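What you see is a predicted model; the values in this text were computed from it and never measured. Only heavy atoms go into these numbers, but all of them, side chains included; no hydrogens, no water, no symmetry mates. Each ligand, and each atom within it, is numbered from 1 in the order the structure gives.
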Amino acid sequence: MAKKKTVFECQNCGFQTPRWVGKCPSCNSWDSLLELNQEQIEFLKKTSAKTSVSKKAVPITKIKSEEIQRFSSGSKELDLVLGGGIVPGSLTLIGGSPGIGKSTLLLKVAGNLADMGHKVLYVSGEESASQIKMRGDRLGAANKNLYLLAEINMDNIALEIENGNYSFIVIDSIQTIYSSETPSAPGSVTQVRAITFELMRIAKSKQIPIFIIGHITKEGSIAGPRVLEHMVDTVLYFEGDSNSDLRLLRGFKNRFGSTNEVGIFEMDSSGLRDAKSMSERFFNKEKLQPGSALTILMEGSRPIVIEVQALVTPAYGNPRRSCTGFDTNRLNMLLALLEKKLDLPLGTYDIFVNVVGGIKITETSADLAIIAAILSSFRERELNSKTLFIGEVSLTGEIRDVPSLIQRLKEAHTQGFSKAIVPSRPIENTGLKCFVANSVEKIIEWM
Ligand SMILES: Nc1ncnc2c1ncn2[C@@H]1O[C@H](COP(=O)(O)OP(=O)(O)O)[C@@H](O)[C@H]1O
Ligand SMILES: [Mg+2]
């Protein structure tokens with residue numbers, strides 16, 4: 001009798017091995033390998049044989065380059081993140097935590113496109129057609145060109161697309177759709193791979209742009225298989241704080257544009273709107289409280305003013321350090337530096353840092369503002385509400401230059417700021433009074 005073949009597959013990245021191991025050697029996740037049954041192995045053999053192509057290679061000089069034809073989504077911010085608009089035949093994945101507004105955004109975009117005369121299909125495996133209709137009414141997205149399909153079976157969805165002649169499709173969400181041909185549970189690697197492959201085939205062969213919604217896990221990656229991120233053309237993440245009405249749409253991967261741009265939206269009762277003016281969105285106070293400091297970050301190509309807050313209080317027991325929107329390791333580094341350079345007894349204090357508006361700071365130019373906020377809270381002395389702190393702090397206590405300083409300062413000037421503490425004097429006049437602080441010891445002078 002022939003020996004039975006066994007295959008184990010990682011449910012996170014799709015890695016396959018004949019023997020079970022506790023930790024996936026490909027993506028390092030624990031206990032993610034699952035044994036495939038005989039039916040699944042047969043399916044795997046079948047599909048891998050099917051995908052072999054026989055095309056001849058062509059010299060690159062013989063290939064005609066094509067200009068990408070994009071069309072607007074009706075939302076300036078989404079167009080910006082996509083690199084100038086929607087590319088026909090592209091597959092885009094939008095990830096975000098539950099309730100952040102993924103369905104709202106895409107239903108609104110679907111409505112915009114329907115208004116422009118495109119025939120649009122919105123497939124939902126999560127909500128009934130009447131629920132979506134209710135949301136559509138609230139968003140002003142009811143147009144006869146917008147078709148709703150509450151369906152979780154991929155075969156029926158493919159059939160509808162085949163017969164519908166649509167020019168834009170939304171799939172809400174990938175984790176709920178299953179293909180009956182695939183012998184696995186919805187959300188598993190095999191299912192997601194099969195469905196994404198099918199959607200990709202439809203998108204490319206019919207030149208229809210398809211937007212897929214994906215849920216994300218607590219750790220912040222798209223829930224379920226990572227294979228999804230590799231297969232699609234564009235991956236966007238929707239982030240923000242459910243307590244604030246601000247949402248950021250960030251590019252993570254884009255085959256048709258840069259991933260540097262960030263879309264900024266506001267959530268209100270009529271849905272998501274492009275954020276109008278950046279000034280006063282993140283910060284609009286006459287007076288700051290002790291513990292608050294302002295800085296200006298680059299979100300994509302746009303500078304935005306943000307407020308960082310610190311709370312420094314005597315510790316009872318082990319001192320606690322906690323951050324929202326900022327890296328805790330980086331905070332620890334800054335605190336160590338303050339202790340060493342300024343002789344502050346911070347080891348006996350609890351220290352909390354928060355970035356206002358649900359923004360996550362990913363650049364180091366906010367270091368100086370974090371230090372300013374900590375010192376301000378420690379000394380119970382408020383900072384001037386028209387002063388910005390800009391600079392990266394190095395391990396030696398030097399304050400280093402940041403990219404696009406002049407652009408930041410010019411934007412700050414138009415928003416009514418008058419003073420900035422910067423690492424070096426800018427080479428041109430930006431309208432702001434600039435004070436140079438090139439070491440941590442120096443900033444005490446400006447507090
Ligand atoms: N009737 C309503 N009026 C105002 N806001 C609403 C209403 N219904 C839902 N929302 C808001 O819309 C947000 C986004 O929901 P949704 O787009 O379904 O998120 P997701 O698809 O990302 O899970 C919800 O968090 C909720 O705050
Ligand atoms: Mg939803």
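Aromatic ring orientation, Phe265 versus Phe238: perpendicular (interplanar angle above 60°, classes split at 30° and 60°).
The presence of a protein heavy atom under 4.0 Å from atom 7 (C) of ligand 1 is confirmed. Distance check for atom 27 (O) of ligand 1: every protein heavy atom is found at 4.0 Å or beyond.
Interface of Arg135 with ligand 1, defined as ligand atoms under 4.0 Å from a residue heavy atom, comprises 16 (P), 18 (O). Interface of Thr104 with ligand 1, defined as ligand atoms under 4.0 Å from a residue heavy atom, comprises 14 (C), 15 (O), 16 (P), 17 (O). Numbered from 1 in the order shown, with element, the atoms of ligand 1 that lie under 4.0 Å from a heavy atom of Met267 read 12 (O), 13 (C), 14 (C).
Ser365 and Arg408 are linked by a side-chain donor-acceptor pair at a separation below 3.5 angstrom, with hydrogens and angles left out of the test.
For the pair Arg138 and ligand 1, the shortest N or O to N or O distance falls below 3.5 Å. When only interatomic distances are considered, the shortest N/O to N/O separation between Asp268 and ligand 1 does not fall below 3.5 Å. Checked by distance only, ligand 1 and Pro98 stay at 3.5 Å or farther apart across all their nitrogen or oxygen atoms. At least one N or O atom of Gly99, backbone or side chain, sits closer than 3.5 Å to an N or O atom of ligand 1.
Within 6.0 Å of NZ on Lys119 lie more than 12 heavy atoms contributed by other residues, nucleotides or ligands. In Lys253, the NZ atom is crowded: over 12 heavy atoms of neighbouring residues, nucleotides or ligands sit closer than 6.0 Å. Within a 6.0 Å sphere centred on CD of Gln289, other residues, nucleotides and ligands contribute 12 heavy atoms or fewer. Taking a 6.0 Å sphere around CG of Asn163, one finds it holds more than 12 heavy atoms contributed by other residues, nucleotides or ligands.
The backbone N or O of Ile100 sits less than 3.5 Å from a side-chain atom of Arg247, completing a donor-acceptor pair. At least one donor-acceptor pair under 3.5 Å links the side chain of Lys102 to the backbone N or O of Ser97.
Annotation: protein N, O or S atoms under 2.8 Å of the Mg ion (ligand 2) (waters excluded) comprise Ser103 OG.
Among Asn354, Val308, Asp367, the single residue meeting the side-chain contact (heavy atoms from CB on, under 4.5 Å) criterion with Phe326 is Asp367.
Using a non-hydrogen distance threshold of 4.0 Å, Glu126 does not register as a contact of ligand 1.
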